[in-house]
Amino acid sequence: MGNYMIDKLPTRPQDKPEINASKSCRGTIRVMGMMAAISLVAGCIASAHASSTPRKKQPPPRPTLWQVVDTLSINHPFTKKLLESTLSVRLREKDAKFNTRWNFFSARNARLADGVHVQDIRFSYKKSDPALAEILLNEIKGICLTEKQVESQYGPLTLLDSPREYTHKYLYQSPVSWGYLTFSFQADSPHCLISVGFRMDDKRPADK
């Protein structure tokens, strides 16, 4: 009787749920581990893609007008390549079939710092002497640069020409070692700078 009762004692109902809970926890841990691994792999792939994607190069800062003048002045004799690289423009040869002495090139629209915009760029050199070259930065827009501002950069200017019947500007020049810098200002007040010229002296000393 006693043995029979002992053999027939019911098992505790909580024993089986405990086993199921343990399996469930292990399954959850495995799932979380897989998700973490997937996230890690995805992160590595994204990082590798980002490092392999070439970054866009930032354009170099635009030079000021004074920096352009100084760069051209210290790198004489002037060349087409020098002017193109300094102003980030492409010079095109102008048709000058009847001119047997000079080659002419031009470009449009060079944007500089401080809102300065050079609308007309001209370059020429003597066929018999390519080192004898001239540059004209013409139609300067975007900011009013006065005579005093130019003189503060390049010293006293010599007046060459005043407004009259066939000219509507003031023309000044400043001597330099290789020739002359010329500055044109509009006749109307305020007298704003409208062009800068670079003229090699044909009597210059030979370049070393």
Side-chain angles (χ1 to χ4, degrees), residues 59-114 116-143 145-147 149-162 166-186 191-208:
R62 293 171 177 169
T64 66
L65 179 62
W66 309 134
Q67 288 173 331
V68 169
V69 174
D70 292 343
T71 298
L72 295 174
S73 296
I74 64 177
N75 286 286
H76 60 87
F78 311 130
T79 64
K80 175 176 174 285
K81 184 177 180 181
L82 170 65
L83 186 56
E84 289 179 329
S85 62
T86 303
L87 292 176
S88 298
V89 297
R90 183 178 179 182
L91 291 165
R92 298 183 181 278
E93 189 169 8
K94 296 179 67 175
D95 187 11
K97 296 179 181 179
F98 302 103
N99 194 318
T100 59
R101 299 181 59 193
W102 292 81
N103 284 331
F104 297 95
F105 300 83
S106 65
R108 301 286 297 177
N109 302 326
R111 295 188 178 275
L112 307 180
D114 304 325
V116 175
H117 184 199
V118 184
Q119 294 185 333
D120 181 25
I121 303 102
R122 304 177 191 177
F123 173 69
S124 59
Y125 64 85
K126 198 171 183 179
K127 292 181 178 182
S128 61
D129 184 6
L132 188 59
E134 296 182 359
I135 295 172
L136 181 63
L137 308 180
N138 195 31
E139 298 182 33
I140 297 174
K141 308 285 186 180
I143 192 173
L145 300 171
T146 63
E147 298 165 26
Q149 289 175 292
V150 174
E151 286 186 324
S152 69
Q153 295 287 329
Y154 303 104
L157 302 176
T158 302
L159 180 63
L160 294 181
D161 200 2
S162 299
Y166 57 87
T167 181
H168 303 282
K169 61 185 178 181
Y170 291 93
L171 179 61
Y172 295 84
Q173 77 173 13
S174 175
V176 288
S177 62
W178 43 263
Y180 298 93
L181 285 172
T182 61
F183 302 92
S184 296
F185 298 85
Q186 65 184 22
H191 304 312
C192 300
L193 181 68
I194 55 177
S195 70
V196 179
F198 305 73
R199 183 165 59 87
M200 298 289 295
D201 189 350
D202 55 359
K203 298 179 180 179
R204 69 193 185 287
D207 294 322
K208 294 181 180 181

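Computed from a predicted structure; not experimentally measured. Position 1 is the first residue of the sequence; numbering continues from there.
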K.L.:
Please report the closest heavy-atom contact between R199 and W178, naming both atoms and the distance.
P.N.:
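Taking R199 first and W178 second, the nearest heavy atoms are O-CZ3, 3.7 Å.
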K.L.:
Donor-acceptor pairs under 3.5 Å, side chain of residues 77-84 to any protein atom, not counting sequence neighbours: which ones?
P.N.:
| unit_1 | atom_1 | unit_2 | atom_2 | d |
| --- | --- | --- | --- | --- |
| T79 | OG1 | L82 | N | 3.1 |
| K80 | NZ | E84 | OE2 | 3.1 |
| E84 | OE2 | L91 | N | 2.9 |

K.L.:
Do I140 and V116 make a side-chain contact, defined as non-hydrogen atoms from C-beta onward lying under 4.5 Å apart?
P.N.:
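I140 vs V116: side chains touch.
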K.L.:
Taking the side chain from H117 and the backbone from R111, do they hold a donor-acceptor pair closer than 3.5 Å?
P.N.:
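No; judged by distance alone, with no hydrogens or angles, the pair does not exist.
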K.L.:
Restricting to non-hydrogen atoms, name the atom on F198 and the atom on L72 that form the minimum distance, rounded to 0.1 Å.
P.N.:
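Between these two residues, the closest heavy atoms are CZ-CD1, 3.7 Å.
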K.L.:
What are the two closest non-hydrogen atoms of L136 and G197, and how far apart are they?
P.N.:
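Looks like CD1-CA, 4.1 Å.
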K.L.:
For a 4.5 angstrom cut-off between non-hydrogen side-chain atoms, does W66 reach V196?
P.N.:
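No; the side chains remain at least 4.5 Å from each other.
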K.L.:
Once rounded to the nearest 0.5 Å, what's the spacing between atom CG of D129 and atom CE of M200?
P.N.:
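Between atom CG of D129 and atom CE of M200 there are 8.5 Å.
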K.L.:
What distance separates H76 NE2 from S177 OG, expressed to the nearest 0.5 Å?
P.N.:
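Between H76 NE2 and S177 OG, I get 4.5 Å after rounding to 0.5 Å.
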K.L.:
For a quick test of reading the model, state the closest non-hydrogen atom pair linking V68 to P63 and the distance between them.
P.N.:
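Shortest heavy-atom separation between V68 and P63 comes out as CG2-CG, 3.8 Å.
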K.L.:
Pair S73, L181 - check side chain to side chain contact (heavy atoms under 4.5 Å, CB included), show working.
P.N.:
CA-CA 9 Å; S73 296; L181 285 172; 4.2 Å; yes
K.L.:
Within the distance-only criterion (no hydrogens, no angle test), does the side chain of R108 pair as donor or acceptor with the backbone N or O of Q119 below 3.5 angstrom?
P.N.:
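Yes, R108 side chain to Q119 backbone: donor-acceptor pair under 3.5 Å.
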K.L.:
So, taking the atom named OG in S124 and the one named CZ in R101, what distance separates them when rounded to the nearest 0.5 Å?
P.N.:
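Output value for this atom pair is 11.5 Å.
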K.L.:
Which pair of heavy atoms, one from Y125 and one from P130, lies closest together, and at what distance?
P.N.:
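For Y125 and P130, the tightest heavy-atom pair comes out as CB-O, 3.6 Å.
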K.L.:
Could you state the interatomic distance from CG (L137) to CD1 (I121), rounded to the nearest 0.5 Å?
P.N.:
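If we round to the nearest 0.5 Å, L137:CG and I121:CD1 are 7.0 Å apart.
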K.L.:
Would you compute the distance between atom CG of L112 and atom CZ of R62 and round it to the nearest 0.5 angstrom?
P.N.:
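Interatomic distance, L112 CG to R62 CZ, rounded to 0.5 Å: 8.5 Å.
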K.L.:
Applying side-chain hydrogen bond (donor to acceptor under 3.5 Å, both in side chains), name anything that partners Y172, two or more places apart in sequence or on another chain.
P.N.:
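Applying side-chain hydrogen bond (donor to acceptor under 3.5 Å, both in side chains) to Y172 gives E147.
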K.L.:
Distance check, rounded to the nearest 0.5 Å: E93 atom CD versus F123 atom CZ?
P.N.:
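Rounded to the nearest 0.5 Å, the CD-CZ separation comes out at 11.0 Å.
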K.L.:
What pairs with E139 under side-chain hydrogen bond (donor to acceptor under 3.5 Å, both in side chains), at least two apart in sequence or on another chain?
P.N.:
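Listed in chain order: nothing, the list is empty.
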K.L.:
Step by step, work out the side chain to side chain contact (heavy atoms under 4.5 Å, CB included) result for I194 and Y170.
P.N.:
CA-CA 10 Å; I194 55 177; Y170 291 93; over 6 Å; no
K.L.:
Could you point out which residue of D114, I143, V150, L145 forms a side-chain contact (heavy atoms from CB on, under 4.5 Å) with L65?
P.N.:
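Between L65 and the candidates, side-chain contact (heavy atoms from CB on, under 4.5 Å) is satisfied uniquely by L145.
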K.L.:
Please find the pair of heavy atoms, one from N138 and one from V118, that lie closest to each other, and give the distance.
P.N.:
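So the two residues come closest at O-CG1, 3.5 Å.
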